[in-house]
*Asks:* 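I'd like to ask you about the structure that follows.
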Amino acid sequence: MADMRAFRDEVTDWAAGGPGEAARELAARLGVRTAVLLEGPSDLAAVETLAARRGRDLAAEGVCVVSMGGAMSVGRYASLLGPPGLALRLAGLCDEREQPFYDRGLERAGAPRRDFFVCVSDLEEELIRALGPAKVEEVIRDEGDIRAWQTFLHQPAQHGRPRQQQLRRFLGTKKGRKIRYGHLLVEALAPEQVPAPLDDLLTSL
C-alpha cells in the first residue's frame, strides 16, 4: 500500500508539471494496470472504503485510485496515465454536470469511457439518497457532530431547503468533513444500498 501511495504521489507531481520518470518506474515495479480517476479525496475515501468492505486490496490488484483535484484535470491525468502515457486502463466516477469535461478529456487521450460511471449531483448526494436523511443524521450524531448540524440548520439560508440538500451542504462546510464522511457513509450502507455508480465502478475493476 505504501508503494502505491508513493506512485499516487508521483502521479500528482507529474500532473502538476514535474518529471514522470519516477511514476513510470513505480508503475512498472508495482504492476499497475488500472488508474481510477476521481474528482476529489472524499470520492477516494468512499471507493477505498467500499473496496475494503468487500475484502479487496486494490493496490495488490494493480489498481491505483487517484484524486485529481477537480474534474477539469481529467484530460491531463488521462493523457499521462492512459494510452498516450503509461497506457493504463482508466476507470472512474464523474458528476453529471462535469461529464463533458470527461468526454472531451478521454477522447483526446484516446481512452474509452465505458468504465466511467456518472453520479447525478455528486457521490455525496448518491450516498445520502441511498441511506436516507434519517440514517445520515444518525451517523452525524454518532460521530459527535450533532451540535454543529443543529447550528447549521438554524442558518437562514437553510430554511425551507430539502433535508437531502441541507445534509449535502453540511458535509462541505468544514475542511476534511467530506473526506471523513465519505468513509463513514459507505461504512453505514447495507450491501443492497450501495449507489449504482459506486457499485458499477467497483464491479468493473
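When a residue number appears, it is its place in the shown sequence, counting from 1. When reading the values below, keep in mind they use all heavy atoms of this one structure, side chains included, and skip hydrogens, waters and symmetry mates.
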*Asks:* Can you list the residues that meet the side-chain contact (heavy atoms from CB on, under 4.5 Å) rule with A35, with sequence neighbours excluded?
*Replies:* L37, L81, L88, L90
*Asks:* For R169, give me all partners under side-chain hydrogen bond (donor to acceptor under 3.5 Å, both in side chains), at least two apart in sequence or on another chain.
*Replies:* none
*Asks:* Kindly state each residue pair satisfying side-chain hydrogen bond (donor to acceptor under 3.5 Å, both in side chains) with at least one member in residues 63-90, sequence neighbours excluded.
*Replies:* R89-D115
*Asks:* Applying a strict under-4.5 Å side-chain criterion to I, L, V, M, F, W and Y, I'd like to know whether L202 and F116 cluster together.
*Replies:* no
*Asks:* With side chains defined as the heavy atoms from C-beta onward, is the minimum distance between V32 and L86 less than 4.5 Å?
*Replies:* no
*Asks:* Could you check R161 against Q158 for side-chain hydrogen bond (donor to acceptor under 3.5 Å, both in side chains), going step by step and ending with a plain yes or no?
*Replies:* CA-CA 6 Å; R161 297 185 73 192; Q158 301 308 317; 3.1 Å; yes
*Asks:* Minimum heavy-atom separation for A78 to G105, with atom names?
*Replies:* CB-O, 4.1 Å
*Asks:* Linking I/L/V/M/F/W/Y whenever their side-chain heavy atoms sit closer than 4.5 Å, directly or via other members, would L171 and V136 fall into one cluster?
*Replies:* yes
*Asks:* Would you name the heavy atoms of P112 and L106 that are closest together and state the gap between them?
*Replies:* O-CD1, 4.4 Å
*Asks:* If a pair satisfies side-chain hydrogen bond (donor to acceptor under 3.5 Å, both in side chains) and one of its residues is in residues 18-30, list it, with sequence neighbours excluded.
*Replies:* none
*Asks:* Should V11 and L205 be regarded as members of a common hydrophobic cluster, given that ILVMFWY residues are connected when their side-chain heavy atoms come within less than 4.5 Å of each other, either directly or indirectly?
*Replies:* no
*Asks:* Would a hydrophobic clustering, with Ile, Leu, Val, Met, Phe, Trp and Tyr connected at side-chain separations under 4.5 Å, put V194 with V139?
*Replies:* yes
*Asks:* Got a sec, which pairs hit side-chain hydrogen bond (donor to acceptor under 3.5 Å, both in side chains) with one end in residues 196-205, sequence neighbours left out?
*Replies:* R54-D199
*Asks:* Identify the heavy atoms of Y181 and I140 that sit nearest to each other, and give their distance.
*Replies:* OH-CA, 3.5 Å
*Asks:* Sequence neighbours left out, what pairs pass salt bridge (charged side-chain N to carboxylate O under 4.0 Å, His left out) with at least one residue falling in residues 185-195?
*Replies:* none
*Asks:* Heavy atoms only: give me the nearest F101-A71 pair and the separation to one decimal.
*Replies:* CB-O, 4.0 Å
*Asks:* How about Q166 and R163: does a side-chain donor come under 3.5 Å of a side-chain acceptor?
*Replies:* yes
*Asks:* Rounded to the nearest 0.5 Å, what separation is found between the NZ atom of K135 and the CG atom of L189?
*Replies:* 9.5 Å
*Asks:* Atom CG of L93 and atom CZ of F117: how far apart are they, to the nearest 0.5 Å?
*Replies:* 8.5 Å
*Asks:* The criterion is side-chain hydrogen bond (donor to acceptor under 3.5 Å, both in side chains); which residues satisfy it with T49, sequence neighbours excluded?
*Replies:* H183
*Asks:* Are any non-hydrogen side-chain atoms of V66 and V36 less than 4.5 angstrom apart?
*Replies:* no
*Asks:* Do L167 and V186 sit in one hydrophobic cluster, given that two such residues count as connected whenever their side-chain heavy atoms are within less than 4.5 Å of each other, even indirectly?
*Replies:* yes
*Asks:* Under the criterion side chain to side chain contact (heavy atoms under 4.5 Å, CB included), I'd like the reasoning laid out for L44 against R8: C-alpha separation, chi angles, the key distance, then a yes or no.
*Replies:* CA-CA 12 Å; L44 187 150; R8 187 159 62 199; 3.6 Å; yes
*Asks:* Atom CE in M4, atom CG in L58: separation rounded to 0.5 Å?
*Replies:* 8.5 Å
*Asks:* For L80 and A15, work out which heavy atoms get closest and say how close.
*Replies:* CD1-CA, 3.6 Å
*Asks:* Quick one: ring-ring contact (aromatic ring centres under 6.0 Å, His included) partners of W149, sequence neighbours excluded?
*Replies:* F152, F170
*Asks:* Taking atom NE2 of H159 as the centre, report whether more than 12 heavy atoms of other residues, nucleotides or ligands fall under 6.0 Å from it.
*Replies:* yes
*Asks:* Can you tell me how far SG of C94 sits from CE of M68, rounded to the nearest 0.5 angstrom?
*Replies:* 9.0 Å
*Asks:* How would you list all residue pairs meeting side-chain hydrogen bond (donor to acceptor under 3.5 Å, both in side chains) that involve residues 93-107, not counting sequence neighbours?
*Replies:* D103-R113
*Asks:* Please enumerate all residues that pass side-chain hydrogen bond (donor to acceptor under 3.5 Å, both in side chains) together with Q193, with sequence neighbours excluded.
*Replies:* none
*Asks:* Provide the closest heavy-atom pair for P133 versus Q164 in the form atom of the first, atom of the second, distance.
*Replies:* CG-CG, 3.8 Å
*Asks:* Under 3.5 Å, which donor-acceptor pairs do the side chains of residues 119-130 form with other protein atoms, sequence neighbours left out?
*Replies:*
unit_1	atom_1	unit_2	atom_2	d
D122	OD1	E124	N	3.3
D122	OD1	E125	N	2.8
D122	OD1	R168	NE	3.2
D122	OD2	R168	NE	2.9
D122	OD2	R168	NH2	3.0
E124	OE2	S42	OG	2.6
E125	OE1	R129	NH2	3.0
E125	OE2	R129	NE	3.0
E126	OE1	R129	NH2	3.2
E126	OE2	V120	N	3.0
E126	OE2	R129	NH2	3.4

*Asks:* Just to verify, what does R180 make a side-chain hydrogen bond (donor to acceptor under 3.5 Å, both in side chains) with, not counting sequence neighbours?
*Replies:* E143, D145
